Amino acid sequence: MERISVMKPWLAEAEAEAVIDVIASGWVAQGPRTAAFEAAFAAHQQVAHAVATSSCTTALHLALKVAGVQAGDDVVVPSFSFIATANAPTYLGARPVFADVEAATGNVTVDTVRAVLTAKTTAVIAVDQGGMPLDLQPLRELCDERGLALIEDAACAAGSTYRGAPAGKGADVTAWSFHPRKLLTTGEGGMLTTDNSAWAERARKLREHAMDLSAAQRHSATLAPQESYGEIGYNFRMTDLQAAMGLVQLGKLDEMVQRRRQLASRYQQAFANVPGLRCVADPEYGTSNFQSFWIHIGPEFGKDREQLLAQLAEDGISARRGIMAAHLQPAYAGHSGLLAPLPVTEQLAAATLILPLYHQLAEHEQDRVIASVLSPVLSTAAGA
Ligand SMILES: *Cc1c(COP(=O)(O)O)cnc(C)c1O
């Protein structure tokens, strides 16, 4: 019986050929393919500017920097997210302040954010958790009213929609991930998108040591150019090898989303009437790409999360404990940015589980997962 993974990137010959072409061209670092990927991504997401980066984590770092976040500021973040969301403000000497999330989507809301604003808050990072679009509009209004920068961590949300448009529009700056755990992958990689031209231009310079001339400009200059460095920048560049993969992957994104939504709906139907099981589902204002298909396990289910994980493992199926809570990690032990209890975050982190979902997952494999979830409780102790 073949083991079923929780996630597999959908990569094929076309990606390999695109990378071979880049190698043959002799230009493997950030160059023309990166520029082409940025243009294609901006068009797909209906935003004015896209700046490719080495990861979503570095895109978040740049997003906070161009938004003017400084050491000593407070930045509201959900604890219920991959730890990079909380780490990004920390890199700038700012303090991540944890907001709780709502149970239905796993996302922050205008109320959970408002509850933890301080006199020092200058920005909010809102996450589309597991691809589930957040309700941006009320948060947009709050940030405008208080003069706060709204940054969207859309790491998982390529292909999700909000009020009929691609998710990730409408924040001041949005960060994306192309890690293989997400839908669209370049191995490692990220993107910063924004409609603000000045911020895009500054991000473009900062990712390349804040040099005033790009590699392409230096390459095309006839006289040896004299570059200068206006501030302290970073090396957060994407390579053209990655961008070439990204271009191919972007062309497959709509098909990927369609397939994932089909599979998600099969899970939802299979578990619809099971007491104690709740599946992640689209909110009324948008659609998810189901980057993470999570189920919440309530007491009526009869098996707790650890027992269910043990059952799935026994049946040759990889699953994951649900999304983490950063404030429960040793890295944030004793952290001063925990201003209020986070009951929903802790509840979701303790009782959710992510099931296998990826483009190539066959129906008969998914049926094995469903049967395993619904099988009677193991007689052996959990954690075996
Ligand atoms: C994956 C992820 C990140 C980090 O992305 P990298 O590209 O690996 O840096 C950040 N935020 C969220 C919500 C994520 O899921």
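The structure presented is a predicted model; accordingly, all values stated were derived computationally and were not measured. Atoms within a ligand are numbered from 1 in the order they appear, just like the ligands themselves.
Applying the ring-ring contact (aromatic ring centres under 6.0 Å, His included) rule to Y332 yields the partners F98, H335; only residues at least two apart in sequence or on another chain are considered. Listed by chain and residue number, nothing satisfies the salt bridge (Lys or Arg N to Asp or Glu O under 4.0 Å) test with R260 (two or more places apart in sequence, or in another chain). Y91 is linked by a ring-ring contact (aromatic ring centres under 6.0 Å, His included) to H61, counting only residues two or more places apart in sequence or in another chain.
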query: Run the side-chain contact (heavy atoms from CB on, under 4.5 Å) check on I4 and L361 step by step: do they pass?
result: CA-CA 8 Å; I4 300 177; L361 184 70; 3.8 Å; yes
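Judged by distance alone, the side chains of S288 and D282 never bring a donor and an acceptor atom under 3.5 Å apart.
The pair K8-E365 fails the salt-bridge criterion, with no side-chain N (NZ, NE, NH1 or NH2) lying under 4.0 Å from an Asp/Glu carboxylate O.
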Tabulation required: pairs of a nitrogen or oxygen in ligand 1 and a protein nitrogen or oxygen under 3.5 Å; columns are atom names and distance to 0.1 Å; otherwise 'none'.
residue, atom, partner, partner atom, Å
ligand 1, 5 (O), S177, OG, 3.4
ligand 1, 7 (O), C56, N, 2.9
ligand 1, 7 (O), S177, OG, 2.7
ligand 1, 9 (O), C56, N, 3.3
ligand 1, 9 (O), T57, N, 2.9
ligand 1, 9 (O), T57, OG1, 2.5
ligand 1, 11 (N), D153, OD1, 3.3
ligand 1, 11 (N), D153, OD2, 2.7
ligand 1, 15 (O), K182, NZ, 2.6

